[in-house]
**Student:** 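Please see the structure below; I have some questions.
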Amino acid sequence: MRLSRYFLPVLKENPSEAQIVSHRLMLRAGMIKQASAGIYSWLPLGFKVLRKIENIVHEEQQRAGHMPMLMPTIQSADLWRESGRYDAYGAEMLRFKDRHERDMLFTPTAEELITDIFRAHVGSYKDLPMTMYQIQWKFRDEIRPRFGVMRGREFFMKDGYNFDLTKEDALHAYNRHLVSYLRTYERMGLQAIPMRADSGPIGGDDTHEFLVLAETGESEVFYDSAVTDLSFGDREIDYDDHAQCAGVMEEFTNLYARTDETHDEALFNAIPEERRRIARGIEVGQIFYFGTKYSDALNAVVQGPDGKQVPVHMGSHGIGVSRLLGAIIEASHDDKGIIWPEGVTPYHCGIVNLKQGDAEEDGACDALYQSLTALGLEPLYDDRNERAGGKFATMDLIGLPWRITVGPRGLKNGVVELTSRRTGQSEELPPEEAVKRVAGIYAAL
Ligand code: ATP
Ligand code: MG
């Protein structure tokens, strides 16, 4: 992409409505624009990152054997009356009537609808286990939407639902989700710690939230600092292997880590004092096992091996896809702007031309652009007639992890400058070496 043809409405001033750094930087980098309270348009740069995050979630869900599907955003109130949640959900549910005076709502989550699909089509234990998920817009009429995409009213969420014959199988689905979530967040360059939590209006006993530690987080968290040493890394996992998934669950949840809702002072105080931490975190996902709560209410039964009809065991599992942009920026920025982890960066590499309009310079930049593109990478080329300072400031603000700078002095010596956004360190290299270096970094992901 050439910046001269791109829509990147960068703001020079700090927008006064933004209270936290991720909101400020998303507005300043021209990623989003508020349409009304808690509702945003996604401008090209923001949309590109949203899609990258969405793709990682899709890939990891399907790697775990979960089936993508899509349910509507607008639902009829009838199913929600059947489950009893139409009244229970309260003011967060956006309700309205269609022209026939039927009660409709904008989906805040979809346990009822998926259970209705299941009960209509699945009758035998032989079709189980089954897990389906969607990545779809949700609406919750939050009393205090704030912090940009972090607490929106409209937000993009992955919601998945498992159907199993037995509690044991459903707990395996729970563990499998935990494992796949660990992989998902690590690919985005994030450490998200599973913490025992409270189930809220979804219901059920077993639930973990995934929290990214950040001072601006809305949740108070209590944990043993040893949990921050854990990482999933690139280990191989067989998602059908119950014992292996249970082992990962055990490894990542046996140390104390809880949100304030489930915090237990006595257990916390049993941690060696130097490892006790009280901090704040951003909830980027949650997994639930709730047994037969919805299958009982909606009569979702299957015929078991013994011929008897039994309600299915279920769980649901969410990832805050749009919130993740905010969480990643909170975890990865400096005073100049965003620093995207390679896994989610909107463009792989910036190209800055210090002498736009000079035939030799323009030619060198075009050649770099083509080489990077030919290797399957997406460069963002700042080909505007701007002074160098302005170009660098824009690149730093939008946070591409790598930048190649082409200037007249270097070109004379046959080199360009490759700069890491994270460390600020630069190196002079022949252009083809710089391209190889950048390609190698992404190939290793
Ligand atoms: P919160 O406690 O932050 O209100 P929640 O527990 O009600 O969230 P879940 O039902 O667990 O939310 O939804 C799954 C995920 O969707 C959450 O972990 C979070 O990352 C994201 N999410 C929930 N509400 C919002 C929101 N208003 N704006 C953006 N993302 C949200
Ligand atoms: Mg939650």
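Please read these numbers as outputs of a predicted model, since none were measured by experiment. Both counts, for ligands and for their atoms, begin at 1 and track the order of listing.
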**Student:** For Lys97, does the NZ atom sit with more than 12 other heavy atoms under 6.0 Å from it, leaving out its own atoms?
**Tutor:** yes
**Student:** Within ligand 1, which atoms have a heavy atom of Val284 less than 4.0 Å away?
**Tutor:** 18 (O), 20 (O)
**Student:** Measuring from atom 2 (O) of ligand 1, which candidate in Glu261, Glu283, Arg140, Arg323 has the nearest non-hydrogen atom?
**Tutor:** Glu283
**Student:** What are the atoms of ligand 1, with element, lying closer than 4.0 Å to any heavy atom of Gly285?
**Tutor:** 18 (O), 20 (O)
**Student:** Are any of the side-chain heavy atoms of His317 and His66 separated by less than 4.5 Å?
**Tutor:** no
**Student:** Does the separation of the ring centres of Tyr289 and Tyr174 fall below 6.0 angstrom?
**Tutor:** no
**Student:** Side chain, backbone, both or neither: which part of Glu142 has a heavy atom under 4.0 Å from ligand 1?
**Tutor:** side chain
**Student:** Measuring from atom 13 (O) of ligand 1, which candidate in Glu209, Met157, Gln286 has the nearest non-hydrogen atom?
**Tutor:** Met157
**Student:** I'd like to know if Arg153 contacts ligand 1, where contact means a heavy-atom distance under 4.0 Å to any ligand atom.
**Tutor:** no
**Student:** Given the side-chain rings of Tyr347 and Tyr6, with only the six-membered ring counted for Trp, is the space between their centroids under 6.0 Å?
**Tutor:** yes
**Student:** Between ligand 1 and Gly152, is the shortest N or O to N or O distance under 3.5 Å?
**Tutor:** yes
**Student:** Please confirm whether Leu324 approaches ligand 1 to less than 4.0 Å, judged on its heavy atoms.
**Tutor:** no
**Student:** Between Ser322 and ligand 1, does any nitrogen or oxygen pair lie at a separation below 3.5 Å?
**Tutor:** no
**Student:** Verify the distance test for Thr207 against the Mg ion (ligand 2): any N/O/S atom under 2.8 Å, yes or no.
**Tutor:** no
**Student:** At a 4.0 Å cut-off, with the gap strictly under it, does some heavy atom of Thr109 reach an atom of ligand 1?
**Tutor:** no
**Student:** Could you tell me whether any N, O or S atom belonging to Glu283 is less than 2.8 Å from the Mg ion (ligand 2)?
**Tutor:** yes
**Student:** Salt bridge between Lys293 and Glu111, side-chain N to carboxylate O under 4.0 Å?
**Tutor:** no
**Student:** Between ligand 1 and Phe155, is the shortest N or O to N or O distance under 3.5 Å?
**Tutor:** no
**Student:** Please name the pair of heavy atoms, one in Val179 and one in Tyr239, separated by the smallest distance, quoted to 0.1 Å.
**Tutor:** CG1-CE2, 3.7 Å
**Student:** Please compare Arg144, Glu218, Arg151 and report which has the shortest non-hydrogen distance to atom 1 (P) of ligand 1.
**Tutor:** Arg151
**Student:** For residues His23 and Arg146, is any side-chain donor paired with an opposing acceptor at under 3.5 Å?
**Tutor:** no
**Student:** Determine whether a donor-acceptor pair (N or O, by modelled atom type, separation under 3.5 Å) exists between the side chain of Arg196 and the backbone of Arg258.
**Tutor:** no
**Student:** If we count only N and O atoms by modelled type, under 3.5 Å, do the side chains of Glu283 and Ser219 hold a donor and an acceptor together?
**Tutor:** no
**Student:** Go through ligand 1 atom by atom and flag the ones less than 4.0 Å from a non-hydrogen atom of Val149.
**Tutor:** 29 (C)
**Student:** For this output row, return yes or no: ring centroids of Phe268 and Tyr256 closer than 6.0 angstrom.
**Tutor:** yes
